[in-house]
Amino acid sequence: MSVTITLPDGSERTYAEPVTALRVAEDISPRLAKAAVAAEVDGLPRDLSFAVSEGTHALRILTDRDAASLEILRHTAAHVMAQAVVRLYGREVQYTIGPALVNDFQYGFYYDFDLPRPLTQDDLPKIEAEMAKIVAEKIPIEREELPVAEAKARFEQLGQSYKVEMIDELAREQGARTVSLYRQGDFLDMCRGPHLPDTGRLGKAFKLLTTAGAYWRGDENNKMLTRLYGVAFFDPKALQEHLTRIEEARKRDHRVLGRQLGLFQFSDAVGPGLPLWLPKGAILRMELEGWLRGELLKRGYLPVVTPHVGKVDLWRTSGHYPYYEHGLFPTMHLRDVENVPEGQEDGYLLKPMNCPFHIQIYKSSQRSYRELPLRFSEFGTVYRFEQSGELSGLTRVRGFTQDDAHIFCTPEQLEGEIESCVELTKLCLATLGLEDYRVRVGLRDPDDAKYTGSSENWDRAEANIRHVVRKLGMNSSEEPGEAAFYGPKIDFVVKDCIGREWQLGTIQVDYNLPERFGLEYIGADNAPHRPVMIHRAPLGSPERFIGILIEHFAGAFPLWLSPVQIAVLPVSDKYNEYGAQVSRALREAGLRVELDDSPEKIGAKIRRATLEKVPYMAVVGAREAESSTVSVRHRTEGDLGAMSAGEFTDALRREIATKGRETLVRERLSAASGR
RNA sequence: GCCAGCGUAGCUCAACGGUAGAGCACCGCUUUUGUAAAGCGGUGGUUGUGGGUUCGAUUCCCACCGCUGGCUCCA
């Protein structure tokens, strides 16, 4: 009959009877006990009040220095917030769920409430003040384990019907016999825990950030609850840094930079989610697309061009229409202007995808196995009627282009083709320096009826994808329910400046549309066979990709993508003529140049070009005109010294060829330091 | 689509019941300038749209449109 506790440093402590984690901490040192936040017993997070039972157990005392503690702090913060809301808004407040978030860029926790009226921004200061009171009261947080029936009775008594529903569900789906409750004074919640030992430990480094609506259980058929988001840290300095980081991130927001740099705009006169690319944005986009087009040709892709509208029937055959009708721009009816043949549906759609058109091209002649794989590529603009609340800058729009292609191949060729698609997608990300992405393998959700095709087809497609992912050793996560309705996919997902995830590149395996459209090729055996399709887009969409790119570079694009590559800046009007000469020479060398012949002083011109994030400036005055040179300045590195226009051009061409490395800067700086 | 907030000059913001103001940008004049903002002057607004309350609305109320943060959705 004894308790043996092994500590992380390997030492052991023995107790005659069960002992709480806190007691052990006290025995180790009073300072540790004071700093203790929670414990980890046999690898599981526990409260400090947790009693370690007989036998041998590994114990670790968690302090604010442990990463795992932050989640506990934030979870307690959510409870304290809920307690404050109940205190302020009365017993008719229903509290539902309130988890900690540790990987979110902005938020640290939230709690969803059902209240007589939704809370607004104006309520937050009051709630924060009440939370501060609760912290000052240092209310002990106590855990108890109750049988399901008893716990239900408690919450029924409190009128907390959501909690009752959750307990029922725990009992039904996980066979729970008991549930754990946490009480802090007048507030009782069902929670797995662990929590801080008392509300005082929350401290002052918390802040409520925003309110939002959220459907109960994330289902839009359910009631909309009020969600409060907040964040908490152990250290007020860390909170301040966090808030500053959010503020900084908002400065890179592509919507802000897009306007500042004159890349794109939206116009009420045109309609929401329909971007207008301004000249500078259009150049950037053309450069990116032009590069990718070259890569596609090298890889045996065949360009095709297809229209923006097509008959509804096409989308019925593909299967898009019934499932995604609400996601389409409304059907155009032609009966009033044209005869619609008997038996043919009257209607055209603005295309939501390019695949049915590419399929028609496949079908335009009889195909032999000798032709396969056929890779039809098109930067096709598609239109999807996204819900109004979903629209967001360039990352979620209603009219956008896909760097699309459909690969038609034999089942034997499929995995090799998937592999090359993965490599091309990785090349795109690597070329732009987007290293921070995750790979998601989207599989069907077996409980959802929206997927088309046989389960054999799905099994095959999912197996193909898994093979390739394994073969390439890709670090990826499988997510059921993330497949396209016709097939599973590999998605490349990145985050924007405030941590929202967006899918960029995608590779989708599809056995189903070839079936639905009756595609065939004649095999070596002279018999018809069914091809497999891959839908793939390495950028995903230039719109979204560039949106992310703007944030990635904070608007300071590498030379090859910069809308203006060189600003020629005459020191005064007197040198405008020489400046124009230099500009002409650079432009003839294929560089994008802007001559600033405004009556400003040189300092102002430099400032303007720098704010516009033009990579290089060529300052020209008497000295340069005299010696036929330009004084080169880099947007961040400053003065790089004088060189001839020819030397400058050559250096920039070399730098453009690298697609990113600032070779000229390096050359000049190393020359300078070598001197 | 749902919840909340916001919509004032091209941009960033002020005025908050008494018929709008600043900085930047733009235009003009002076200055002819050497590596992140020269000086002076000027143009510019049916205060998102439509109703309502009021002697009077940018300000208060309602509806719509748009934007922002979430939720849902996302081929």
Side-chain angles (χ1 to χ4, degrees), chain A residues 106-107 110 112 115 117-124 209-229 250 253 255-256 259-260 262 265-269 271-273 315 318-321 323-324 326-328 351-356 382 384-393 395-396 402 404 442 450 452 482-487 489 491 498 500 502-503 506 508 510 513 535 537 569-576 599-611 617-624 631-636 638-641:
Chain A
Q106 299 185 75
Y107 307 126
Y110 67 81
D112 286 351
L115 316 106
R117 71 163 173 97
L119 298 175
T120 74
Q121 286 287 343
D122 300 339
D123 294 300
L124 298 184
L209 297 171
T210 190
T211 65
Y215 298 106
W216 168 235
R217 292 187 183 283
D219 183 339
E220 62 180 322
N221 300 311
N222 288 341
K223 184 161 185 187
M224 174 139 306
L225 308 173
T226 298
R227 174 172 297 181
L228 301 184
Y229 279 102
R250 290 188 196 282
D253 189 321
R255 293 165 297 193
V256 174
R259 182 186 296 120
Q260 274 171 11
Q265 63 176 198
F266 291 90
S267 156
D268 286 359
W315 314 99
S318 73
H320 291 95
Y321 197 67
Y323 290 122
Y324 296 106
H326 66 278
L328 307 173
K351 68 174 168 183
M353 312 186 78
N354 301 302
C355 37
V382 299
R384 302 178 182 180
F385 196 75
E386 303 290 355
Q387 296 187 30
S388 58
E390 243 341 294
L391 300 174
S392 176
T395 44
R396 194 73 183 271
Q402 294 177 316
D404 209 358
K450 78 169 184 180
T452 187
E482 288 295 327
F485 80 93
Y486 45 71
K489 54 181 186 162
D491 290 333
I498 54 170
R500 288 176 295 206
W502 300 99
Q503 174 197 312
T506 183
Q508 312 175 347
D510 180 8
L513 293 193
H535 311 239
L569 311 179
V571 167
S572 83
D573 290 3
K574 288 189 208 154
Y575 311 105
N576 280 353
E600 295 293 344
K601 289 169 67 165
I602 187 66
K605 292 183 183 186
I606 286 170
R607 180 179 150 82
R608 176 151 69 193
T610 307
L611 290 177
M617 287 160 256
V619 176
V620 294
R623 291 201 294 272
E624 290 77 13
S631 282
V632 177
R633 183 186 166 93
H634 183 263
R635 64 185 161 200
T636 57
D639 198 347
L640 297 180

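Naming convention: chains lettered A, B, ... in sequence-line order (proteins, then strands); numbering from 1 in each chain.
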> For atom P, what is the distance between C26(B) and A20(B), given to the nearest Å?
Replying inline: 27 Å

> Closest approach of Gly621(A) and Val571(A), non-hydrogen atoms and distance?
Replying inline: CA-CG2, 4.0 Å

> Using a cut-off of less than 4.0 Å, is there contact between a side-chain N or O of Thr210(A) and OP1 or OP2 of G69(B)?
Replying inline: no

> Distance from Arg633(A) atom CZ to Ile606(A) atom CD1, nearest 0.5 Å?
Replying inline: 5.0 Å

>> Quiz question: going by heavy-atom distance under 3.5 Å, is there a donor-acceptor pair between the base of G1(B) and the side chain of Tyr215(A)?
In response: yes

> Pick the nucleotide of RNA chain B nearest each of Phe266(A) and Arg227(A); which residue has the one closer to the 5' end?
Replying inline: Phe266(A)

> Taking atom C1' of U68(B) as reference, at what distance in whole Å does atom CG of Leu391(A) sit?
Replying inline: 12 Å

> Which whole number of Å gives the distance between the C1' atom of G66(B) and that of U47(B)?
Replying inline: 16 Å

> How is the base pairing of RNA chain B summarised as a dot-bracket string, given the Watson-Crick and G-U wobble criteria with both distances under 3.5 Å, [ ] for crossing and | for another strand?
Replying inline: (((((((..((((....[..)))).(((((.......))))).....(((((..]....))))))))))))....

> By side chain to side chain contact (heavy atoms under 4.5 Å, CB included), which residues pair with Ser392(A), not counting sequence neighbours?
Replying inline: Arg255(A), Thr395(A), Arg396(A), Arg500(A), Trp502(A)

> Does Lys223(A) reach the main-chain N or O of Trp216(A) with its side chain, forming a donor-acceptor pair under 3.5 Å?
Replying inline: no

> With a non-hydrogen cut-off below 4.0 angstrom, is Tyr110(A) in contact with a base, only sugar-phosphate, or nothing?
Replying inline: nothing

>> As a quick check of understanding, evaluate salt bridge (Lys or Arg N to Asp or Glu O under 4.0 Å) for Arg217(A) and Asp219(A), giving each step before the final call.
In response: CA-CA 5 Å; Arg217(A) 292 187 183 283; Asp219(A) 183 339; over 6 Å; no

> How long is the line joining CG of Asp253(A) and P of C11(B), in whole Å?
Replying inline: 16 Å

> How about Trp315(A) and Pro356(A): do any of their side-chain heavy atoms sit closer than 4.5 Å?
Replying inline: yes

> Given the rule in the side chain to side chain donor-acceptor pair (under 3.5 Å) test, do Gln508(A) and Thr506(A) qualify, once you have shown the distances and angles that lead to the verdict?
Replying inline: CA-CA 6 Å; Gln508(A) 312 175 347; Thr506(A) 183; 3.1 Å; yes

> What string of B, S and - do you get for nucleotides 28-38 of chain B 5' to 3' if you count protein non-hydrogen atoms under 4.0 Å?
Replying inline: ----BBBBBBS

> Looking across every strand, which nucleic acid part, if any, lies under 4.0 Å from Arg217(A) by heavy atom: base, sugar-phosphate, or nothing?
Replying inline: nothing

>> If I pick the P atom on A14(B) and the same atom on A75(B), what distance separates them, to the nearest angstrom?
In response: 41 Å

> Quantified in whole Å, what is the P atom distance between nucleotide G39(B) and nucleotide C24(B)?
Replying inline: 9 Å

> What's the spacing between His634(A) NE2 and Thr610(A) OG1 if we round to 0.5 Å?
Replying inline: 10.0 Å

> In whole Å, what separates the P atom of A22(B) from that of A37(B)?
Replying inline: 25 Å

Can you name the atoms? Protein N/O to nucleotides 41-46 of chain B N/O, anything below 3.5 Å, with the distance.
none

> Roughly how far apart, to the nearest Å, are G50(B) and U8(B) at atom P?
Replying inline: 16 Å

>> Please report the distance separating the C1' of C60(B) from the corresponding atom of C16(B), rounded so that it comes out in whole Å.
In response: 10 Å

>> Whole angstroms only, please: what is the OH-P distance between Tyr107(A) and C71(B)?
In response: 8 Å

>> Is the shortest side-chain heavy-atom distance between Leu513(A) and His535(A) below 4.5 Å?
In response: yes

>> Between Leu228(A) and Leu119(A), is there a side-chain heavy-atom distance shorter than 4.5 Å?
In response: yes

What protein N or O atoms touch nucleotides 73-75 of chain B N or O atoms at under 3.5 angstrom, if any, and at what distances?
residue, atom, partner, partner atom, Å
C73(B), O2, Arg396(A), NH2, 3.3
C73(B), N3, Glu390(A), OE2, 3.3
C74(B), O2, Arg396(A), NH1, 3.1
C74(B), O2, Arg396(A), NH2, 3.2
A75(B), OP1, Tyr324(A), OH, 3.4
A75(B), N6, Gly327(A), O, 3.1

>> Give me the distance, rounded to whole Å, that separates G18(B) from A57(B) when you measure between the P atoms they each carry.
In response: 11 Å

> Side-chain N or O of Arg500(A) less than 4.0 angstrom from OP1 or OP2 on U68(B)?
Replying inline: no

>> So if I define the base as every atom that isn't primed, P, OP1 or OP2, how would nucleotides 3-8 of chain B read as a B/S/- string at a heavy-atom cutoff under 4.0 Å?
In response: BSS---

> Can any side-chain N or O of Arg384(A) pair as donor or acceptor with the backbone N or O of Pro352(A) at less than 3.5 Å?
Replying inline: yes

>> Minimum heavy-atom separation for Arg227(A) and Asp112(A), please, with both atom names.
In response: NE-OD1, 2.7 Å

> Hey, what do you get for OG (Ser631(A)) to CZ (Arg623(A)), rounding to the nearest 0.5 Å?
Replying inline: 6.0 Å

>> Tell me whether the rings of Phe485(A) and Tyr324(A) are parallel (<30°), tilted (30 to 60°) or perpendicular (>60°).
In response: tilted

> Would you call Cys355(A) and His320(A) a side-chain contact if the rule is heavy atoms closer than 4.5 Å?
Replying inline: yes

> Counting just side-chain N and O atoms, does Gln106(A) come under 4.0 Å of either OP1 or OP2 of G70(B)?
Replying inline: yes

>> Looking at every non-hydrogen atom in both residues, tell me the closest pair between Glu386(A) and Leu391(A) and how far apart they are.
In response: CB-CD2, 4.0 Å

> Measuring from Lys450(A):NZ to Tyr323(A):OH, what's the distance to the nearest 0.5 Å?
Replying inline: 10.0 Å

